[in-house]
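One structure is given below, encoded as structure tokens.
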There are 2 protein chains.
Amino acid sequence: MMTSLKDVAKLARVSPATASRALSKPETVAFITRERVTNAAKQLSYQPNVLARGLRQRGSRTLGAIISDILNPGQATLAKGIQDAAAKRDYTVFMFNTDEDTEKERRALESLRGHLPQGLIIVPSPGARENLKLVSNLPTVELDRSSGLRDAHTIMVDNVGGAREAVQHLTALGHKRIGMIFGSMDVSTAVERLQGYREALEGAGIAYREDLVLSGNHREEGGRVAAHTLLNRPAHQRPTALFVGNNEMTIGALLAMRELELRIPSDLSIVGFDDSRWAKLMQPAITVVAQPAYELAYLACETLLNRLENGVSHQTMRPASIRLSTTFIKRDSTAPPPPT
Amino acid sequence: MMTSLKDVAKLARVSPATASRALSKPETVAFITRERVTNAAKQLSYQPNVLARGLRQRGSRTLGAIISDILNPGQATLAKGIQDAAAKRDYTVFMFNTDEDTEKERRALESLRGHLPQGLIIVPSPGARENLKLVSNLPTVELDRSSGLRDAHTIMVDNVGGAREAVQHLTALGHKRIGMIFGSMDVSTAVERLQGYREALEGAGIAYREDLVLSGNHREEGGRVAAHTLLNRPAHQRPTALFVGNNEMTIGALLAMRELELRIPSDLSIVGFDDSRWAKLMQPAITVVAQPAYELAYLACETLLNRLENGVSHQTMRPASIRLSTTFIKRDSTAPPPPT
DNA sequence: CGAGTTCCTGCAATCGATTTCAGTATCGAA
DNA sequence: TTCGATACTGAAATCGATTGCAGGAACTCG
């Protein structure tokens, strides 16, 4: 049913070769011939077969994108940014989800490989370093996190700075016992945010205490458990403020606080990482470190496409590492600590 | 340096033809030969070129999916359901976003067409009826909404029943003036939910009043404006309860109520359509009609794949229309109306 | 007018996997 | 021992678009 280039050529009374050139390299074909071909193509509503073209040209205008969890609004925003940027340059995207699962990531990469994408944008899972060997000569940009690969291009936010600013805000309010719930040690963003937390404490002359820092494993339930553990102590030992490393765990922390009947911000101040709809809808509205997720993803995709279209080899190009800065948004969930 | 089937064949000392058969139709090849081939394939970590295969077989194991807005958590859930179902059967998915824009939808379909997908799952935009002609012989399943095409397969929820149940809950509490914010008349779900609202009112012997029903155009801002208009009246004319047609508009309505300083549920009861994280996190938690979005999408994809693999022709198969039921979740945002 | 360009077009090869068709080897039965 | 059936294997065509190369026409310039 699909009309092929041969049909167009026949209708335009030229060879398939000429038809092909008329459509994709118009300047190499005489004006009048070109007209005949384009008309024929329009008349038959010809659509080139991407598979055939891709086979010959070794790769179609296709990108792979691997994100960690489409249900997380932040990641969904990344997905949208990638797609919009790709669509604008007339690329299509194969999108995969890993659910933070290294094995799923591997399968996604294998499946992707057969489609011969021109490039890859990935939010690397903890095991990405190994997995990415599967596609070692595919131009790749790492988004939001770093896999730790030596010559990778990465587009991330300034996690250290964002975390530092958040915790500085808390110390400036007079908090001394500030807890943190971070993701996990095998994800670079979590490590960096923890680093920012430590730097801010140090800057305020507050000693780092291991018992105030727990992993929440990036998920709501982990955040709830961690917060419960941190906060379920007598008032004089309990942290007076909490810094939470991502949006899902922040929800968990809020649930834990409700279970323990702690009030915000009178009993406890809280700052989250990642802004979201509900953060400003809550009462009180949650103070957060906002990330420019859409811009980040858009930029990652553009970076990749520029690299592809300039024909710069993956190998020779010096790895670029771009950091966008975060925005601190003060709302109503932070206040001076309760009087002792 | 993609390894091709020819390389595998050479290493296994067989012809490419045999190598191909050994991998895809094992029973037609002698055991010992098959072993040699599979070993060679593993050794070279051979990955078939989907483009070449797709070219020859006229179509790769690829599906198209078009959803309306990946940033809406409900739609993101649909995306995930589709992907999981497809991955389980070893299909890959081209995912597109329309942002409810008919023109974007058209471009997505055109782009998709060139990739020769085996099938399509679509959340139709208002203009889908026209756009879908572009791919008229592609097996298609409509998800969540109906385009109105005669012989379409659709997988939706029971919007009428869900809305009816929500409004019955309100009438049972004693509400008489119940407002509704619906999406728009050109989207089937919105029309059906409005229908359910009318049926529930009728069942309770309450007259339908046009001035209590406004369109919010599916978006947060539309919902806010509509709610503001409905609620900005003296207490004795103001609705005592509000039924909102989707999650985004519910957020808008909540913002409007905050602007007008109306308290939930003492001044006003509210029921939303679509459950979400924040609905149960809010204080008070919001009563909603929940949709089985993941199941819906998973089922849509399975339906499509079954149809494909049973080789049932698109034309002859009688159109299936599946409805899943919604779940009413009573939380704390509904209560009897304030005494007059 | 002839040689050298320039411009345009078509032939045929190519990408990688699948599949038809024909050919060889093996085995059982007569 | 020979014939036919069965089981495997390989050569070559095919899918649809692109592209290197060669050839013909037209045009320029001496």
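Numbered from 1 within each chain, the chains take letters A, B, ... in sequence-line order.
B:Asp99 pairs by the salt bridge (charged side-chain N to carboxylate O under 4.0 Å, His left out) definition with A:Lys80, B:Lys104, not counting sequence neighbours.
The phosphate of C:dT9 has neither OP1 nor OP2 within less than 4.0 Å of any side-chain N or O from A:Ser15. Distances shorter than 4.0 Å separate none of the side-chain N or O atoms of A:Arg56 from OP1 or OP2 on C:dT14. The phosphate of C:dT14 (OP1 or OP2) has no side-chain N or O of A:Gln57 nearer than 4.0 angstrom.
The footprint of chain A on DNA chain D, defined by a heavy-atom cutoff below 4.0 Å, extends from D:dG16 to D:dG20.
One interatomic measurement links the two molecules: CD of A:Glu35 to C1' of C:dC8, which rounds to 16 Å at whole-angstrom precision. In this structure, the CZ atom of B:Arg58 is 14 Å from the C1' atom of C:dT19, given to the nearest Å. Here C:dC7 presents its C1' atom at 16 Å from CZ of A:Phe31, a figure rounded to the nearest Å. The distance between atom CD of A:Glu27 and atom C1' of C:dT6, rounded to the nearest whole Å, is 16 Å. Counting to the nearest Å, the P atom of C:dT19 and the CG atom of B:Leu23 are 13 Å from each other. The distance from atom NZ of A:Lys25 to atom P of C:dC8 is 15 Å, rounded to the nearest whole Å. The separation between B:Arg21 atom CZ and C:dC21 atom P is 13 Å, rounded to whole Å. In this structure, A:Lys10 places its NZ atom 16 Å from C1' of C:dG10, rounding to the nearest Å.
Looking only at distances, no side-chain donor or acceptor of A:Ser146 sits under 3.5 Å from a matching main-chain atom of A:Ser188. Without hydrogens or angle criteria, B:Gln75 side chain to B:Ser68 main chain gives a donor-acceptor distance under 3.5 Å. Judged by distance alone, with hydrogens and angles left aside, the side-chain atoms of B:Gln47 form a donor-acceptor pair with the main-chain N or O of A:Glu110 at under 3.5 Å. Panel note: side chain A:Arg106, backbone A:Asn131; no donor-acceptor pair is recorded below 3.5 Å.
Here the closest non-hydrogen pair linking B:Val8 and B:Ala41 is CG1-N, 3.8 Å. Of all heavy-atom pairs spanning B:Pro139 and B:Leu304, the tightest one is O-CD1, 3.7 Å.
Between the two ends of the helix from C:dC1-D:dG30 to C:dA30-D:dT1, each summarised by a five-pair axis, the helix axis turns through 50° (rounded to 10 degrees).
For A:Arg145 and A:Glu142, the salt-bridge test fails: no basic side-chain N is under 4.0 Å from an acidic carboxylate O.
Mapped onto DNA chain D by nearest heavy atom, A:Asn49 and B:Val14 fall at different nucleotides, with B:Val14 at the one closer to the 5' end. Take the nearest nucleotide of DNA chain C for B:Pro16 and for A:Ala17: the residue whose nucleotide is more 5' is A:Ala17.
Residue-level contact check: A:Ala30 touches the backbone only, with heavy atoms under 4.0 Å from sugar-phosphate atoms and none from bases.
Donor-acceptor pairing under 3.5 Å is recorded for the side chains of A:His115 and B:Thr92.
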